[in-house]
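Some notes on the structure that comes next.
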Amino acid sequence: QLQLVESGGGLVQPGGSLRLSCAASGFTLGTYTIGWFRQAPGREREAVSCISGRDGDTYYRDSVKGRSTISRDNARNTVSLQMNSLRPEDTAVYYCAAAIQWVCFDYGMDFWGNGTLVTVSS
């Protein structure tokens, strides 16, 4: 069975940093597009960042550019999202998702993890 498990969420103060990890079991992440998405209460799920499995191309939504980095660790079969300078509006449940093709839209992802909660508050 294919499984994605997110970790690293928690409570962090504004301006702080957090590193989210997405671990795969049952398959190898290296050839898949892996995306991080988030959903806040009452809001639609939105793409935060994605990394291509084919050429390593990356995408960041404008609000996280310059303060977030998505990366692969193929030896550990994980994809991480480092987030710095966190803001209260970053508060959301963060999900990782995988896609066979290069796509970074929630409807295009093939399977999902269950999410990890990030709360940015003082």
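Side chains are part of it too, since the values below use all heavy atoms of this structure and drop only hydrogens, waters and symmetry mates.
- Atom CZ of R19 sits in a crowded spot, with more than 12 heavy atoms from other residues, nucleotides or ligands closer than 6.0 Å.
- By the 4.5 Å heavy-atom criterion applied to side chains, I34 and R72 are counted as neighbours.
- No donor-acceptor pair under 3.5 Å is formed between the side chain of T28 and the backbone N or O of G30.
- In plain terms, the two heavy atoms of Y60 and S68 that are nearest each other are CE2-O, 3.4 Å.
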Inset, instruction - Could you go through the side-chain hydrogen bond (donor to acceptor under 3.5 Å, both in side chains) check for N84 and S17 one step at a time? - result: CA-CA 4 Å; N84 304 318; S17 297; 2.9 Å; yes

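- Ion pairing between a basic and an acidic side chain is recognised when a charged N comes within 4.0 Å of a carboxylate O; R67 and D90 show such pairing.
- To the nearest 0.5 angstrom, S121 atom OG is 12.0 Å from L86 atom CG.
- Under a hydrophobic-cluster definition in which Ile, Leu, Val, Met, Phe, Trp and Tyr are linked whenever side-chain heavy atoms come within less than 4.5 Å, directly or via other members, V12 and V64 are assigned to the same cluster.
- Of the possible donor and acceptor atoms, none in the side chain of T119 sits under 3.5 Å from a partner among the backbone N and O of L11.
- Note: the hydrophobic cluster containing Y94 also contains F111 (ILVMFWY, side chain heavy atoms under 4.5 Å, direct or indirect links).
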Inset, instruction - Evaluate the criterion side chain to side chain contact (heavy atoms under 4.5 Å, CB included) for residue pair V103 and M109; output intermediate values, then yes/no. - result: CA-CA 7 Å; V103 60; M109 310 309 289; 4.0 Å; yes

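- Residues W112 and R45 have side chains in contact (heavy-atom distance under 4.5 Å, counting atoms from C-beta outward).
- A donor-acceptor pair is defined here as one N or O able to donate and one able to accept, closer than 3.5 Å; no such pair exists between the side chain of E6 and the backbone of C22.
- Contact detail for W36 and V79: the closest heavy-atom pair is CZ2-O, 3.8 Å.
- A 4.5 Å side-chain heavy-atom check between R38 and E46 finds at least one atom pair inside the cut-off.
- If you chain together hydrophobic residues whose side chains sit under 4.5 Å apart, L20 and L117 never meet in one group.
- Closest approach of I100 and Y32 over heavy atoms only: CG1-CE2, 3.8 Å.
- Taking every heavy atom of both residues into account, L4 and F27 meet most closely at CD2-CZ, 3.5 Å.
- Under the side chain to side chain contact (heavy atoms under 4.5 Å, CB included) test applied with L81, the options V118, V48, T69 reduce to a single match, V48.
- When all heavy atoms of A99 and G108 are compared, the closest pair comes out as CB-O, 3.9 Å.
- When atom types are taken as modelled, the side chain of S49 and the backbone of Y59 share a donor-acceptor pair closer than 3.5 angstrom.
- Considering only heavy atoms from C-beta on, S7 comes within 4.5 Å of S21 through its side chain.
- Judged purely by atom type and a 3.5 angstrom limit, T91 uses its side chain to pair as donor or acceptor with the backbone of P88.
- Put simply, the side chain of I51 does not reach to within 4.5 Å of the side chain of T33, judged on heavy atoms.
- Under the 6.0 Å cut-off for aromatic ring centres, F37 and F105 do not qualify, their centroids lying 6.0 Å or more apart.
- The environment of CD in E89 is crowded: more than 12 heavy-atom neighbours from other residues, nucleotides or ligands sit within 6.0 Å.
- When side chains are defined from C-beta on, Y95 does not count as touching N114, because their heavy atoms never get closer than 4.5 Å.
- Note that CD1 of I70 and OG of S80 are 9.0 Å apart. Values are rounded to the nearest 0.5 Å.
- Remark: the backbone N or O of A23 is not paired with any side-chain donor or acceptor of N77 at under 3.5 angstrom.
- Here CZ of R87 is found 7.5 Å from OG of S85. Values are rounded to the nearest 0.5 Å.
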